[in-house]
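See below for the structure under consideration.
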Amino acid sequence: MSTRQPELFTPQPVDAPGSYCEVAVPLPTRGCFTYGVPVGMASLVIPGVRVVVPFGAQRLVGYVISVSPTAPPGLDTDKVKNVFHVLEAEPVFPEDLLKFLRESAEYYYHPLGEVLRSAAPAVERRVGDDPATRTERQRTAHKARWARVHEETYVKLTARESDAPKLRGDRQAQLVAMLEARGEVSMSELRRHHKSARTVVEGLRARGVVTLERREVPDDPFFGAAVPRDVPPELTGPQRVAVDAIVSAVEARERAIFMLYGVTGSGKTEVYLRAIDAAQRKGLGALLLLPEIALTPQLVARYRARFGDQLAVMHSGLKDADRHAMWKRLHRGEVHVAIGARSAVFAPVRNLGLMIVDEEHDGSFKQDDHFRYHGRDLALLRAHRAGVPCVLGSATPSIESFHAAMEGRYRLLELPDRATTAPLPEIDVVDLRRVGPRGPTGHELLSLPLVRALDATLKRKEQAILFLNRRGFAPSVRCVRCGVAMECPSCSVALVLHRREGALRCHYCDFNVPFAGACIVCGCTELTLLGVGTEKLEGALVASFPAARIGRLDRDVASGMGAEEVLEKLRRGDLDVLVGTQMVTKGHDMPGVTLVGVITADSALAFPDFRASERTFQLLAQVSGRAGRRELPGRVIIQTYQPDHPVLVRARTHDYVGFYQDEIAARRELGYPPFGRLAAVRMDAKDEAQLQTTATALDTYLRCLPDAVSGAVKVLGPAPAPIERIRGRYRMQTLLRSPERSALRRVLHALVNVLDTYARDGVRVAVDVDPVQML
Ligand code: ADP
Ligand code: ZN
């Protein structure tokens, strides 16, 4: 960490510092700055607290990183300015977390001040630079939080059915049946089921069948209804082996990494529950990360059924004040278990004893802007530093993780079968070339086998999910006169037709124009609609299966809790067919779904990225996992123009290990991860020529570095990014690849030190360590 001085100075009240502190300010600068600590403040300035400091002509809020009795060598102590105020008595970050954040910033070459700001709870972050308004805002935040806690009446059963007095009427019987199944139900939920619930409940209470209890509940969708505690099932043999191995590592505080590999439904979640429970019994904290999309109320309910309110859930749907409340409860050590998406890796869990990353292969663990960290990799780092075990779970592990398991660096734990009796679904691959351009219904992407299977499913009164990763009606519209597809004016991508809305939309910047059937450039009305989106597919299905109840789920029709509602309709059996994008893979239990159709596997395979095969395999496995989870056997139909593609051949037989072997051979040959380490230098600018100049200059610089000259690091590029322009900014990237981590880091160090010289004239340059997206 370099030590620098702010450039501008304003005269300071002289109060000779008794000691010095390093402060990280929220600016895109890489080092920390040294400030003096006035004698009177010495006991308040401790690592992790925020301080207001002078910075040039401004005042900034920064975090104290370290304190030392002497000034760093070489610093002119006469010029050191003093800290103005300390913002709080208790550090925002506990010391071990602060250390971890520092290391994260160093690993990703991201300014520490910005890393701390993104890791801090939202309310803390917004508190202004002026301490005067701060208390006021904190008070409001506090009030807002409590205002959102409301009281709720819970209805509980007191008498068992056998000794209950005879129930009067259906209403009472129904209500009692519901209470028997659930233990307790909130009054507001009962009222949603029956308008007259209150009268019915009063009747039951008068006769001693139920009691009422008023309690405070936080206003969080995930915490709305109390969840009765569950009874843990008897573990299967392989689950027992996995739990024992993890629990003994937790108890011994062993730095082990476990790869828990098991198909969807093999009981991985049950293993996590047991391991967390064991950590809790030892008085240790646990942190579980999972993709945002997997963080459904249903899943959270499973954790709550085991841990009750002793659980912090961190998700993007939380309001700032609630997120802050969760953070505080963990920070104060009132709660020891946290589950959440990517950014929960920074949750202030005390006395961490166990780290878990579920669906560790998922691309959403990587943040693709600003602080470009990988949640899984940071989870591994945090566990390592804490000296505790980390469990990575997946049905389709990332190639890197599985390779580590094959090499014995991670301990492989396998759950070979589904925990319940449901067998894996049968997968059929349909060759679209043989089906011809038009299927039996006249729609290009509904093949005869798929139509037949759908028909049979509907006749059996079962349900189907059809997956297509393109929303909208037609992914591009070509004008016959202009001869080209209509493009977004600020991004180099085609505009997507959303017919119901009557608009052409850009899926990258959300630019949209009304569309009335004419070319937006020349006005010609002779247009060709290319490709199929979910909206068009839905229309085709409605036309072909008029009697079926068909729903759609993508970002256009649902977001956040709206998606939950659509899925709930499917779960309740109010839909026969659900068409949608990746969002349909959300939600665990869909007991009535026996058919899953993948409309086309080809778009995922066509991604210009060395991970395209891996992602396609994972996607197909995940989508297939939705079929037949209970008594009913499931079936999956995958349509493709490349039935002989190795990925499809492996996916058809659920052969992850075979897929891994194909893929690892290819990676070895090309030097891609895990055989080489990558970093991307991403550059963008409004001015294309300026970008080109910068990219070339940087390229020259990189190629002249000793590690590049010796060939230890390969410099690939600069090349235009696959999507050349987004939001009006041209994009280029240079890829750095090396078999050796140390050589690559030397190059990155050198690069970061000169970055400011290149990142100017409107050109942004960012370093992406271990990049995931190549777009
Ligand atoms: P995964 O996390 O691997 O997808 P889950 O833990 O969700 O698997 O388990 C799938 C289903 O099997 C769930 O309904 C779960 O309750 C059930 N299950 C898990 N373990 C057992 C077990 N040992 N005995 C009976 N049912 C189990
Ligand atoms: Zn656009």
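Note that the numbering runs from 1 along the sequence shown for the chain. Every number for a ligand or one of its atoms is a count from 1 in the order of the listing.
- Under 4.0 Å from ligand 1, the heavy atoms of R302 that appear belong solely to its side chain.
- Ligand 1 has at least one atom lying under 4.0 Å from a heavy atom of G265.
- Near E234, meaning under 4.0 Å from any of its heavy atoms, are these atoms of ligand 1: 22 (C), 23 (N), 24 (N).
- For ligand 1, the atoms closer than 4.0 angstrom to any heavy atom of T264 are 4 (O).
- Only side-chain heavy atoms of P233 come within less than 4.0 Å of ligand 1; its backbone N, CA, C and O stay farther off.
- Using a 30° and 60° split on the angle between ring planes, Y660 and H403 fall in the tilted class, from 30° to 60°.
- For the pair E292 (side chain) and R342 (backbone), a donor-acceptor distance under 3.5 Å is absent.
- Residue C524 comes nearest to C479 through the heavy atom pair CB-SG, 4.0 Å, listed as atom of the first residue, atom of the second, then distance.
- Partners of A601 under the side-chain contact (heavy atoms from CB on, under 4.5 Å) rule, at least two apart in sequence or in another chain, are L620, I638, T640, L648.
- In terms of polar-atom proximity, G267 is counted as a contact of ligand 1, with an N or O under 3.5 Å from an N or O of the ligand.
- Contacts between Q239 and ligand 1 below 4.0 angstrom, taking non-hydrogen atoms only, involve the side chain exclusively.
- The environment of K569 atom NZ is sparse: at most 12 non-hydrogen atoms of other residues, nucleotides or ligands sit within 6.0 angstrom.
- Per-residue contacts place T236 under 4.0 angstrom from the following atoms of ligand 1 (heavy atoms of the residue considered): 23 (N).
- Annotation: R460, atom CZ; neighbour count of heavy atoms from other residues, nucleotides and ligands within 6.0 Å is above 12.
- At least one cation-pi condition fails for R376 and F365: the charged atom is not both under 6.0 angstrom from the six-membered ring centre and inside a 45 degree cone around its axis.
- Residue contacts with ligand 1 include V263, since one or more of its heavy atoms lies under 4.0 Å from the ligand.
- Considering only residues two or more places apart in sequence or on other chains, S490 meets the side-chain contact (heavy atoms from CB on, under 4.5 Å) condition with C488, C509.
- Residues satisfying the side-chain contact (heavy atoms from CB on, under 4.5 Å) criterion with A766, sequence neighbours excluded, are R372.
- Listed by chain and number, C488 SG, C491 SG, C506 SG, C509 SG are the protein N/O/S atoms closer than 2.8 Å to the Zn ion (ligand 2), with waters left out.
- Taking a 6.0 Å sphere around CZ of F607, one finds it holds 12 or fewer heavy atoms contributed by other residues, nucleotides or ligands.
- Only the backbone of L235 comes within 4.0 Å of ligand 1, counting heavy atoms alone; no side-chain atom from C-beta on gets that close.
- In this structure, Y656 and Y261 have tilted ring planes: the angle between them lies in the 30° to 60° band.
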